[in-house]
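Side chains included, hydrogens not; waters and symmetry mates left out as well; all remaining heavy atoms used.
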Amino acid sequence: MAVSTHGLAPDLAAAVAEAFRESDVAATAIVGLDLAVGSQLGALPQAEWNGLIATLRAAFFVLQAEAQALVERADGGCLLVVVPAHALRTSRGCGLAAVGGSFFITVAQVAAAELGPHGIRVNVVAYGPLDGSVPSRVAEAVPLGRLTRPADVAATCLLLAGPGAGHVTGAVVPVDGGYAITKAAGGSPFVH
Amino acid sequence: MTGAARERGIGRGIAQCLAEEGCAVAVNDLGADADGHALVAELRTLGVAAEYVAADVSDRSAVDAMIATVEDRLGPLDFVCSNAGVADWQSLLDVTEESFDRLVAVNLTGAFNVCQAATAAMVASGRRGRVVITSSVHVQMPFPEMAVYGATKGGLKGLVETMAIELAEHGITVNHIGPGWVQSFINDTSPSLQTDAEVAATLTLIPAGRPADPRELGRAVVYLCSADGEYVTGAYVRVDGGFVVGKY
């Protein structure tokens, strides 16, 4: 196991550690954004916005440091960015996740373009609403019929870190049961 | 209209087009007072009211004061264009904290500040307003050495789409425009546009074979702010001469 994780929600970090435990993938660093949903942007307190920016700033410079370390090792490697699927399809009350996730998808794709010549791949996992973090009725908006589990996210991280994804870089892979494809009828499930 | 003063800039082109349609225009910028006052004088010759309001969009209290000043001098807001932006060219490994903070503060937090404050004013006055944010072709096609700039523009897409959903009940539309290459102040320091040969090479990447005139972005904004644009929200209007659609 040669994986480091930063910024992931604790249950995602635990699932990733479990998934990578027996693996022998190339050096991999995973940078996640754990962003809250629930606040509408019009009424968003400045402190919450500033919190988003602080999260993005920390994640950016961690990614930079991990990229620098991989470049210095000169043996390729893999960077994974883990963002909420609201980056792909937002919803009422999900502005911080949409802004932060969209921000980081672009960071990852530019990193992929710049680090490709070093044999370093950079990909994005966009995870759907996590089981236990949102009302269970959100599952009605998921084509596969259930909310996302940390193990789903971890398994795809492992897939992207492995040799089977050796020619994959700059990709944004939704791990969301199809959540980002479309929306549930009858309005947002996120606001009561 | 933020980031609107500078010669050759997109904001100036948007301001001119809106004024030609009869809008009273508040011209905002920072560190460009002479250009701002000159633009205001030009717009007034079109027979519209115009004011120059210097403010740093990354400073929330300054933005709140600006919105109050604009409504006091020109009346309730109907349209807000968040256009102020800054760029740097650094490889990912070389991005400095200073650069990250400045680009995010102006491009992303600045847009949030302006849009939140302006739409609150629109809701308070009952105006069915329009919000137009200048994002970039980077939303669809980011460039090396511009990770933070591109990321701020990507973030604006999330901001626009979420605000479009949340503000629809107030009759407010929120959209963004995607300029390609404009020969504006922001691009003067681009490392790939310093010689005639580099400019010519860049032009070969654009199917239309030329940079955009800022007024071409301005006409797109006029559409989004017009009766014709009433049903357009959460949308991205790319005005780039085809820059994004082909790689070479």
Side-chain angles (χ1 to χ4, degrees), chain A residues 35 37 39-46 49-50 52-54 56-57 60-61 63-65 67-72 79 83-84 86-118 122 170 183 187-188 191, chain B residues 58 60-61 63-64 90-97 100-101 103-105 107-109 111-113 115-120 122-123 135-136 138-170 172 174 234:
Chain A
L35 299 171
V37 300
S39 299
Q40 296 201 32
L41 292 172
L44 190 75
Q46 195 76 19
W49 178 267
N50 293 341
L52 167 69
I53 300 302
L56 295 177
R57 188 183 199 276
F60 179 87
F61 286 105
L63 186 79
Q64 184 188 59
Q68 181 71 46
L70 290 177
V71 167
E72 288 172 2
L79 296 171
V83 302
H86 305 301
L88 305 178
R89 188 168 303 283
T90 187
S91 187
R92 185 183 297 270
C94 299
L96 292 179
V99 171
S102 300
F103 182 101
F104 241 78
I105 286 174
T106 305
V107 170
Q109 292 187 324
V110 174
E114 292 191 21
L115 299 172
H118 296 280
V122 189
K183 62 179 78 180
S188 168
V191 175
Chain B
S58 72
R60 182 51 189 261
S61 60
V63 169
D64 289 340
Q90 295 173 329
S91 72
L92 180 83
L93 299 181
D94 294 331
V95 171
T96 62
E97 294 185 351
F100 182 95
D101 290 343
L103 267 57
V104 170
N107 297 1
L108 190 54
T109 297
F112 170 73
N113 287 341
C115 292
Q116 194 190 49
T119 56
M122 290 170 180
V123 170
S135 64
S136 170
H138 289 238
V139 165
Q140 287 180 308
M141 183 181 68
F143 289 80
E145 300 194 6
M146 298 189 80
V148 180
Y149 178 84
T152 61
K153 299 301 186 177
L156 292 177
K157 173 177 182 287
L159 186 72
V160 164
E161 293 180 355
T162 309
M163 292 187 80
I165 294 167
E166 294 177 355
L167 291 167
E169 66 196 69
H170 299 288
I172 296 170
V174 187

Atom [atom1] in [X], atom [atom2] in [Y]: separation rounded to 0.5 Å?
| X | Y | atom1 | atom2 | result |
| --- | --- | --- | --- | --- |
| A/T90 | B/M163 | OG1 | CE | 11.5 Å |
| B/E166 | A/Q40 | CD | CD | 4.0 Å |
| B/L108 | A/W49 | CG | CH2 | 4.0 Å |
| B/T109 | A/I53 | OG1 | CD1 | 3.5 Å |

Tell me, side chain or backbone of [X] under 4.5 Å from chain B's heavy atoms, or both, or neither?
| X | value |
| --- | --- |
| A/Q68 | both |
| A/Q64 | both |
| A/F60 | side chain |
| A/L52 | neither |
| A/A43 | backbone |

Check each atom of [X] against the heavy atoms of chain A and say whether the ones under 4.5 Å are side chain, backbone, both or neither.
| X | result |
| --- | --- |
| B/L167 | neither |
| B/Q116 | side chain |
| B/T152 | both |
| B/E169 | side chain |
| B/V95 | both |

### Task
Test A/L41 against every option in B/V174, B/I165, B/T162 by the side-chain contact (heavy atoms from CB on, under 4.5 Å) rule and name the one that passes.
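Output: one option passes, namely B/T162.
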### Query
Is there side-chain contact between A/L56 and B/V104, with at least one heavy-atom pair below 4.5 Å?
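Counting from C-beta outward, A/L56 and B/V104 never come under 4.5 Å.
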### Message
Are the side chains of B/F112 and A/L44 in contact, using a 4.5 Å heavy-atom criterion?
### Response
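SC-SC contact between A/L44 and B/F112 confirmed.
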### Task
Would you name the heavy atoms of B/L92 and A/A67 that are closest together and state the gap between them?
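Minimum heavy-atom contact is CD2-CB, 4.2 Å.
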### Task
Mind listing the closest non-hydrogen atom pair of A/E114 and B/E145 along with its distance?
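Minimum heavy-atom separation between A/E114 and B/E145: OE2-N, 2.6 Å.
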### Query
Charged N to carboxylate O below 4.0 Å: is that the case for A/R89 and B/E161?
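Salt bridge: no.
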Out of [options], which one racks up the most heavy-atom pairs below 4.5 Å with chain A?
| options | answer |
| --- | --- |
| B/G234, B/A147, B/A105, B/A164 | B/A147 |
| B/A151, B/G155, B/G154 | B/A151 |
| B/D101, B/T119, B/L156, B/D94 | B/D101 |

### Message
Tell me which of these, A/T106, A/V71, A/L96, has more heavy-atom pairs under 4.5 Å with chain B than the rest.
### Response
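Highest number of pairs under 4.5 Å: A/T106.
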### Query
Do you know which of A/G95, A/A97, A/A65 has the most heavy-atom pairs under 4.5 Å to chain B?
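If we count pairs closer than 4.5 Å to chain B, A/G95 comes out on top.
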#### Entry: All ring pair (Phe, Tyr, Trp, His ring centres under 6.0 Å) counterparts of B/F143, not counting sequence neighbours
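Residues passing ring pair (Phe, Tyr, Trp, His ring centres under 6.0 Å) with B/F143: B/H138, B/F243.
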